[in-house]
Student: 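First, the structure itself, so that you have it in front of you.
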Amino acid sequence: MNGGVMSRYEAGRIEPKWQEAWAEAGLFRAERDPSRPKFYVLEMFPYPSGRIHMGHVRNYTMGDLFARYKAAKGFNVLHPMGWDAFGMPAENAAIEKGVPPAEWTYHNIDAMRAQMKPLGLSIDWSRELATCDPEYYGQQQALFLDMLEAGLVTRKAAVVNWDPVDMTVLANEQVIDGKGWRSGAPVERRELTQWFFRISDMAEELLEALDHLAHWPEKVRIMQRNWIGRSRGLQFAFATRGAPAGHETLEVYTTRPDTLWGASFAAVSPEHPLARALEGDPEVAAFLAECRRMGTSEEDLETAEKKGYDTGIRVVHPFDPAWELPVYIANFILMDYGTGAIFGCPAHDQRDLDFARKYRLPVIDVFAPPGSEARVAAEAYVPPKTETVEFLRPVAGERLMTGEAAVDAAIAFCEARGIGRGVTRFRLRDWGLSRQRFWGCPIPVVHCPACGIVPEKRGNLPVRLPDDATFDKPGNPLERHPTWATTTCPACGGPARRETDTMDTFVDSSWYYARFTAPRAATPTVMEDAAYWMNVDQYIGGIEHAILHLLYSRFFARAMRITGHLPEKAIEPFDALFTQGMVTHETYATRAPDGRPVWREPSEVVRDAEGARLADGTPVEIGPSTKMSKSKKNVVDPDDIIARYGADTARWFVLSDSPPDRDVEWTAAGAEAAHRHLARVWRLAHETSEAAEAAEAAGGDQTLLRATHRAIRDVTADIEGFAFNKAIARLYELTGAIGKAPAGAPARRTALRTLAQLTAPMTPHLAEEVWAMAGGAGLVAAARWPEADPALLVEASVTLPVQVNGKRRAEIAVPAGSDAATIEALVLQDPAVVRALNGAAPRRLVVVPDRIVNVVV
RNA sequence: GCGGGUGUGGCGGAACUGGUAGACGCGCCGGACUCAAAAUCCGGUUCUGGCGACAGAGUGUCGGUUCGAUCCCGACCACCCGUACCA
């Protein structure tokens with residue numbers, strides 16, 4: 001260094017300096033100010049696993065870009081950060097390493113905050129919260145009690161995975177091939193009484209409101225719509241023959257009553273009361289036991305081999321008293337959907353057909369493609385309900401009908417004859433929130449032998465987790481804690497026991513966005529703050545949360561409106577949603593002597609044109625680029641990247657290489673290139689700041705000015721449209737234009753200041769440096785966003801491609817706005833066109849002014 | 001299994017949602033500067049054939065609609081996300 005004056009781009013010096021300047025100016029502190037329009041930017045908060053990864057860098061860089069852009073546009077921006085801090089990994093750490101979950105979690109939070117701060121994010125850290133703070137979960141308990149009082153909570157039975165050796169409930173993730181992940185014992189399905197949020201009562205509203213979420217991705221709305229799954233169908237009772245007392249009828253629900261003539265069997269879920277009533281039979285008991293060994297997930301149920309047990313019971317077909325159908329217990333019938341019992345129509349349902357083939361049941365065609373002689377054989381005929389088909393055995397209506405019309409006709413026909421009634425049902429089930437785990441928000445109720453279930457007194461909140469739980473045995477530490485559950489009944493004062501279940505961690509993340517508007521309040525929210533800051537104007541996170549987290553949040557916002565914690569306008573808490581892609585990396589492996597892959601970290605691998613090797617020359621196999629994960633070691637530590645290149649390079653790279661909603665592959669070459677570009681920008685600003693004032697070139701000045709204003713227009717549009725990769729392409733062009741322009745130093749400095757403004761949301765530290773070198777006043781982070789001058793954007797002439805038979809053969813330059821006749825005349829003189837026509841007249845001439853010409857010969 | 005998505009040069013991607021396929025970046029090739037190297041700068045780069053003007057092919061596969069299709073329609077293939085106790 002010569003006398004401390006930098007002569008090259010040194011991110012390590014620049015970045016801390018500007019972060020300090022921003023902090024000193026208090027730029028990111030959000031204060032309620034009704035005189036200014038607000039903008040609330042939120043990224044899905046992280047789970048404090050211990051280290052941030054590139055996926056976090058990408059997520060928070062995108063949010064930061066938007067927050068800084070909106071601030072420059074004059075908005076009062078709220079951009080907070082917190083920690084989704086409850087969950088299983090902390091308990092696993094306690095079991096494996098003996099560290100208390102709270103200690104592990106807060107240590108991780110400290111580490112991740114320390115990694116995040118050097119990124120220079122425009123976050124209001126004064127609002128930071130963690131869901132495991134008693135200050136947070138105590139308010140969550142208050143919300144729960146309000147919801148209980150408002151009738152939004154209920155108790156009922158639910159099926160869980162039970163590990164019979166560890167005597168504990170397992171998450172789906174903890175079940176590997178049907179066995180407990182620690183005990184290795186075959187897992188059983190078991191019913192427990194659990195707490196539920198009554199989200200299914202709101203199914204209709206949650207469905208309808210999706211239509212108004214104009215700034216949500218269509219795919220997310222479709223996924224939610226399908227998940228809620230409204231269906232119109234017929235519910236009716238079969239009369240049974242040979243069933244136990246109390247089961248004289250069997251209630252079924254079907255969305256295809258128009259296929260009733262194709263019925264060949266009835267089936268009930270293994271959890272259905274009728275199945276239970278038969279359990280005295282050893283064969284039934286054995287079959288049910290087999291069913292209980294299946295997983296609880298829908299995927300397990302649907303992909304498992306379809307099996308049934310013929311109960312010997314018969315039901316009478318509702319249209320024909322002489323026609324009896326066998327009743328099976330079948331492993332693929334869900335107790336949670338409909339009535340837990342169905343009738344099977346093999347011809348028009350693939351599952352039913354597989355089942356019918358297996359148990360040699362008849363296959364009766366009800367409809368077929370119009371005019372077709374084809375009948376169902378290997379595959380069921382299941383056309384969309386909107387398609388017209390020919391009914392061979394209609395329940396009611398015409399021969400040619402759509403499925404929809406046939407269903408309506410069949411329902412009307414059945415209702416008129418007293419066979420059941422048309423009902424609307426939803427696939428959406430109530431939200432079971434009970435977890436038999438320690439590291440979660442305690443459910444604030446008490447079980448009293450005299451009074452039953454009693455809500456805890458508000459004054460006793462928060463019901464805190466104990467800090468002396470033990471993790472040496474499997475099961476819920478709260479349940480076996482010597483004193484924690486022992487309490488007195490809030491109603492009668494007698495001895496009682498606390499609820500030892502804690503809440504699903506999805507509860508924690510269903511209202512944190514509201515808490516950020518008043519994170520230290522003694523109530524869950526403060527109405528003035530919520531009214532000002534809500535809704536979240538831009539929410540950003542992964543597509544993996546498209547259904548559960550977002551649906552639960554939509555439910556919670558409604559519940560908080562009902563219980564007086566949010567204003568009416570906040571029932572849809574996220575005005576705009578953006579789902580970003582993952583950060584992936586190639587995987588590297590060497591081979592162990594037994595041939596198994598040994599995963600290698602990117603930092604161990606030397607990459608060249610030939611392939612990849614370890615430092616000692618061992619050849620390395622290059623695998624496909626996948627989501628960065630610890631198990632495959634294909635992770636790049638943000639700390640290393642920041643230490644080597646600086647935060648701006650990391651930010652620039654994760655924004656530049658792929659569209660934000662797609663996966664981006666991290667490559668060392670890409671990071672290198674990003675850094676080279678930033679160094680070039682710095683150099684350009686440095687050289688220009690030292691250039692002589694006298695250098696003038698009037699024509700070059702104007703060209704550069706026009707290029708600058710095109711960049712303002714394009715970058716602004718690209719940011720608004722979440723096309724950050726395109727915005728960056730335009731910024732590369734502007735940088736190139738400044739570098740090459742035969743323009744004077746003042747004009748170049750003007751262009752550089754605009755470049756600084758346009759890059760400030762992406763590379764905020766470098767932007768400050770460039771801004772300062774180019775003579776900008778104050779901080780660029782506090783400067784207003786530039787506006788493009790329309791007069792500098794108009795183009796005098798356009799180049800029209802000329803196609804012959806749809807293939808480009810020539811181009812002509814014409815004044816912008818030329819009419820079709822003018823263009824036509826020019827085109828017919830073009831040598832390429834003359835050659836193609838070969839003296840003949842064109843068969844057709846398509847002229848789209850300012851766009852294209854197509855000559856058809 | 002079911003629901004949703006993605007697929008374009010050697011690579012990441014762009015194309016105003018029917019109008020010049022390949023912007024911008026990486027990589028590669030050539031050149032300048034240098035004793036040399038690094039850094040930097042300039043030029044080229046979809047593939048095939050041709051010295052060349054040019055011709056042909058080309059957006060996962062197969063088929064269709066259109067003056068014109070990466071874009072619309074039908075059938076399929078591969079991969080990714082979710083599937084209610086991973087977060």
Side-chain angles (χ1 to χ4, degrees), chain A residues 8 44 46-47 49 84 86-89 158 160-161 169-175 194 199 217-220 222-227 229 296-304 306 332 336 350-351 354 427-437 504-506 508-509 542-549 551-552 579 581-582 584 609 624 626-627 656-659 661-665 667 669-670 672-674 676-677 679-680 683 717 723 725-726 728-733 736 739-740 799-811 842-846 848 851-856:
Chain A
R8 61 191 176 89
M44 291 180 185
Y47 178 78
S49 57
D84 189 13
F86 277 135
M88 293 201 304
V160 296
N161 300 307
V169 175
L170 297 177
N172 286 332
E173 189 185 58
Q174 298 171 312
V175 180
Q194 310 255 280
I199 187 171
E218 181 65 12
K219 63 182 171 187
V220 175
I222 291 171
M223 281 190 262
Q224 292 219 355
R225 200 170 289 136
N226 291 336
W227 183 261
T296 56
S297 77
E298 188 185 319
E299 189 190 356
D300 285 346
L301 260 44
E302 291 285 341
T303 54
K306 311 289 176 283
F332 59 91
D336 300 302
Q350 189 60 44
R351 249 179 356 188
D354 296 343
R427 206 185 78 95
L428 179 67
R429 311 198 295 256
D430 279 336
W431 171 11
L433 68 114
S434 300
R435 296 291 181 272
Q436 294 69 41
R437 282 187 244 290
D504 177 8
T505 56
F506 272 122
D508 313 334
S509 55
I543 187 68
E544 67 273 19
H545 293 296
I547 296 175
L548 294 180
H549 162 63
L551 187 61
Y552 291 156
T579 55
M582 299 177 299
T584 66
T626 61
K627 180 179 182 172
S656 67
D657 234 35
S658 283
D661 53 349
R662 263 202 245 167
D663 292 351
V664 63
E665 182 180 10
T667 60
E672 197 67 58
R676 266 207 308 275
H677 170 73
R680 184 165 168 242
R683 216 163 38 240
N725 56 324
K726 285 161 65 185
I728 280 180
R730 301 287 84 83
L731 290 166
Y732 270 110
E733 280 176 77
K740 286 180 196 171
T799 303
L800 288 187
V802 179
Q803 296 181 332
V804 175
N805 289 340
K807 195 91 188 160
R808 189 182 67 87
R809 288 291 181 241
E811 334 186 291
R843 289 213 324 218
R844 191 168 169 184
L845 193 54
V846 180
V848 185
R851 266 283 144 76
I852 202 165
V853 180
N854 192 9
V855 185
V856 185

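Lettering follows sequence order; numbering is per chain, from 1.
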Student: Taking it one step at a time, do A/Asn172 and A/Glu298 satisfy side-chain contact (heavy atoms from CB on, under 4.5 Å)?
Tutor: CA-CA 11 Å; A/Asn172 286 332; A/Glu298 188 185 319; over 6 Å; no
Student: Under the rule for salt bridge (Lys or Arg N to Asp or Glu O under 4.0 Å), what residues qualify as partners of A/Glu173, not counting sequence neighbours?
Tutor: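 Counting only residues at least two positions away or on another chain, A/Glu173 forms no salt bridge (Lys or Arg N to Asp or Glu O under 4.0 Å).
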Student: How many whole angstroms separate atom CG of A/Asp300 from atom C1' of B/C86?
Tutor: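 Taking CG of A/Asp300 and C1' of B/C86, I get 15 Å after rounding.
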Student: Is A/Asp336 salt-bridged to A/Arg429, cutoff N-O under 4.0 Å?
Tutor: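 Looking at A/Asp336 and A/Arg429, the cut-off is met.
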Student: Toss me the dot-bracket line for RNA chain B: Watson-Crick and G-U wobble, both under 3.5 Å, 5' to 3', using | for pairs to another strand and [ ] for crossers.
Tutor: (((((((..(((......[....)))((((((.......))))))((((....))))..(((((..]....))))))))))))....
Student: Which part of the nucleic acid, if any, lies within contact of A/Pro659, taking any heavy atom under 4.0 Å across all strands shown: a base, the sugar-phosphate backbone alone, or nothing?
Tutor: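 The residue A/Pro659 makes sugar-phosphate contact but no base contact.
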Student: Is there a donor-acceptor contact under 3.5 Å from the side chain of A/Gln803 to the main chain of A/Arg809?
Tutor: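 No.
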Student: Could you tell me the separation between the CG atom of A/Asn226 and the P atom of B/G4, rounded to a whole number of Å?
Tutor: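 About 5 Å, once rounded to whole Å.
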Student: Ignoring backbone atoms, test whether A/Arg662 places a side-chain nitrogen or oxygen under 4.0 Å from the OP1 or OP2 oxygen of B/A14.
Tutor: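 True: A/Arg662 side-chain N/O within range (under 4.0 Å) of B/A14 OP1/OP2.
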Student: Between B/A87 atom P and A/Glu173 atom CD, what is the distance in whole Å?
Tutor: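 Nearest whole value for this atom pair: 7 Å.
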Student: Determine the Euclidean distance between corresponding C1' atoms of B/G56 and B/G3; express it in Å to zero decimal places.
Tutor: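 One C1' to the other, the span is 44 Å.
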Student: Taking the C1' atom in each of B/U45 and B/G10, what is the distance between them to the nearest angstrom?
Tutor: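 Pairwise C1' distance, B/U45 against B/G10, rounds to 11 Å.
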Student: Report the distance from atom CG of A/Asn725 to atom P of B/C11, rounded to the nearest whole Å.
Tutor: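 Nearest whole value for this atom pair: 18 Å.
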Student: To the nearest Å, how far apart are A/Glu672 CD and B/G27 P?
Tutor: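 Rounding to the nearest Å, CD of A/Glu672 and P of B/G27 are 9 Å apart.
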Student: Determine the interplanar angle of the A/Trp431 and A/Tyr552 rings, folded into 0 to 90°, and report it as parallel if under 30°, tilted if 30 to 60°, perpendicular if over 60°.
Tutor: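 Ring orientation, 0 to 90° scale: parallel.
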Student: Counting any heavy atom closer than 4.0 Å, what does A/Arg427 reach on the DNA or RNA strands: base, sugar-phosphate only, or nothing?
Tutor: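 Answer is base: heavy atoms of A/Arg427 come under 4.0 Å of a base.
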Student: Suppose you measure atom C1' in B/U59 against the same atom in B/A38; what distance do you get, rounded to whole Å?
Tutor: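 To the nearest whole Å, 40 Å.
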Student: To the nearest Å, how far apart are A/Arg435 CZ and B/A84 P?
Tutor: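 Roughly 11 Å, once rounded to whole Å.
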Student: How far does the P atom of B/G50 sit from the matching atom of B/G44, given to the nearest Å?
Tutor: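 Between the two P atoms, the distance is 24 Å.
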Student: How far apart are the C-alpha atoms of A/Leu428 and A/Ile199, what are their side-chain angles, what is the distance that settles it, and do they pass the side-chain contact (heavy atoms from CB on, under 4.5 Å) test?
Tutor: CA-CA 8 Å; A/Leu428 179 67; A/Ile199 187 171; 4.1 Å; yes
Student: Is a side-chain donor or acceptor of A/Arg427 paired with a backbone partner of A/Trp227 at a separation under 3.5 angstrom?
Tutor: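 Here the side-chain-to-backbone pair exists.
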Student: With a non-hydrogen cut-off below 4.0 angstrom, is A/Gln194 in contact with a base, only sugar-phosphate, or nothing?
Tutor: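 Base, at least one base atom sits under 4.0 Å.
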Student: What about A/Arg851, does its side chain sit under 3.5 Å from the base of B/C16 through a donor-acceptor pair?
Tutor: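 By the distance-only test, yes, there is a pair.
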Student: Verify the contact: side-chain N or O of A/Thr505 to OP1 or OP2 of B/A87, cut-off strictly under 4.0 Å; return yes or no.
Tutor: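 Yes, such a contact exists.
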Student: Using the C1' atom as the reference point in each nucleotide, state the distance between B/C81 and B/A37 in Å, no decimals.
Tutor: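 After rounding to an integer number of Å, I get 49 Å for this pair.
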Student: C1' atom, B/C67 versus B/G74: distance in rounded Å?
Tutor: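 Pairwise C1' distance, B/C67 against B/G74, rounds to 23 Å.
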Student: Kindly label the base of B/G9 as syn or anti, based on whether its glycosidic torsion lies within 90° of 0.
Tutor: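 Syn, which is what one calls it when the glycosidic angle falls within 90° of 0.
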Student: How many whole angstroms separate atom CG of A/Asp657 from atom P of B/A14?
Tutor: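 One finds 11 Å between P of B/A14 and CG of A/Asp657, rounded.
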Student: Taking the C1' atom in each of B/G68 and B/C51, what is the distance between them to the nearest angstrom?
Tutor: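 Roughly 34 Å separates the two C1' atoms.
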Student: Between B/C24, B/A55, B/G58, which one does the side chain of A/Arg809 approach most closely?
Tutor: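 Shortest atom-to-atom distance from the side chain points to B/A55.
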Student: Students often get this wrong, so: under 4.0 angstrom with heavy atoms, is A/Phe506 touching a base, only sugar-phosphate, or nothing?
Tutor: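 Result for A/Phe506 = base.
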Student: On RNA chain B, compare the nucleotides closest to A/Arg730 and A/Val220; which residue's is nearer the 5' end?
Tutor: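 Looking at RNA chain B, the more 5' nearest nucleotide goes with A/Val220.
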Student: B/G64 and B/C11: how far apart are their C1' atoms, nearest whole angstrom?
Tutor: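 Result for the C1' pair: 33 Å, nearest Å.
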Student: Any side-chain N or O of A/Arg8 below 4.0 angstrom from OP1/OP2 of B/A38?
Tutor: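 For A/Arg8, the contact criterion (side-chain N or O under 4.0 Å from OP1 or OP2 of B/A38) is not met.
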Student: How close do A/Ser509 and A/His549 get, counting heavy atoms only, and between which atoms?
Tutor: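 Answer, listing the atom of A/Ser509 first, then A/His549: O-CE1, 3.0 Å.
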Student: Just call it for A/Val846: base, sugar-phosphate, or nothing, with non-hydrogen atoms closer than 4.0 Å on any strand.
Tutor: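 Answer is base: heavy atoms of A/Val846 come under 4.0 Å of a base.
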Student: Are any side-chain N or O atoms of A/Asn161 and backbone N or O atoms of A/Leu170, one a donor and one an acceptor, separated by less than 3.5 Å?
Tutor: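 Such a contact is found between A/Asn161 side chain and A/Leu170 backbone.
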Student: Would A/Gln194 and A/Val160 count as a side-chain contact (heavy atoms from CB on, under 4.5 Å) if you check the C-alpha gap in whole Å, the side-chain angles of each, and the deciding distance to 0.1 Å?
Tutor: CA-CA 10 Å; A/Gln194 310 255 280; A/Val160 296; 4.1 Å; yes
Student: So if I take every side-chain heavy atom of A/Lys726 and compare against B/C85, B/A87, B/A15, which nucleotide ends up nearest?
Tutor: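 Ranking B/C85, B/A87, B/A15 by closest atom to the A/Lys726 side chain puts B/A15 first.
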Student: For A/Thr505 and A/Asp508: C-alpha separation, side-chain torsions, deciding distance, then whether side chain to side chain donor-acceptor pair (under 3.5 Å) applies.
Tutor: CA-CA 5 Å; A/Thr505 56; A/Asp508 313 334; 5.2 Å; no
Student: What do the steps show when you test A/Val853 against A/Val846 for side-chain contact (heavy atoms from CB on, under 4.5 Å), and what is the final call?
Tutor: CA-CA 6 Å; A/Val853 180; A/Val846 180; over 6 Å; no
Student: Measure from CG on A/Leu800 to P on B/C67 and round the result to the nearest Å.
Tutor: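 In whole Å, B/C67 P lies 21 Å from A/Leu800 CG.
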Student: Protein within reach of the bases, or only the backbone? For nucleotides 68-82 of chain B, mark each nucleotide 5' to 3' as B, S or -, using heavy atoms under 4.0 Å.
Tutor: S------------SS
Student: Can you check whether A/Ser658 has a side-chain N or O nearer than 4.0 Å to OP1 or OP2 of B/G13?
Tutor: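 Looking at the OP1 and OP2 atoms of B/G13, one of them is under 4.0 Å from a side-chain N or O of A/Ser658.
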Student: OP1 or OP2 of B/A84 versus the side-chain N and O atoms of A/Arg429: is any pair under 4.0 Å?
Tutor: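 Checking B/A84 against A/Arg429, no side-chain N or O comes under 4.0 Å of OP1 or OP2.
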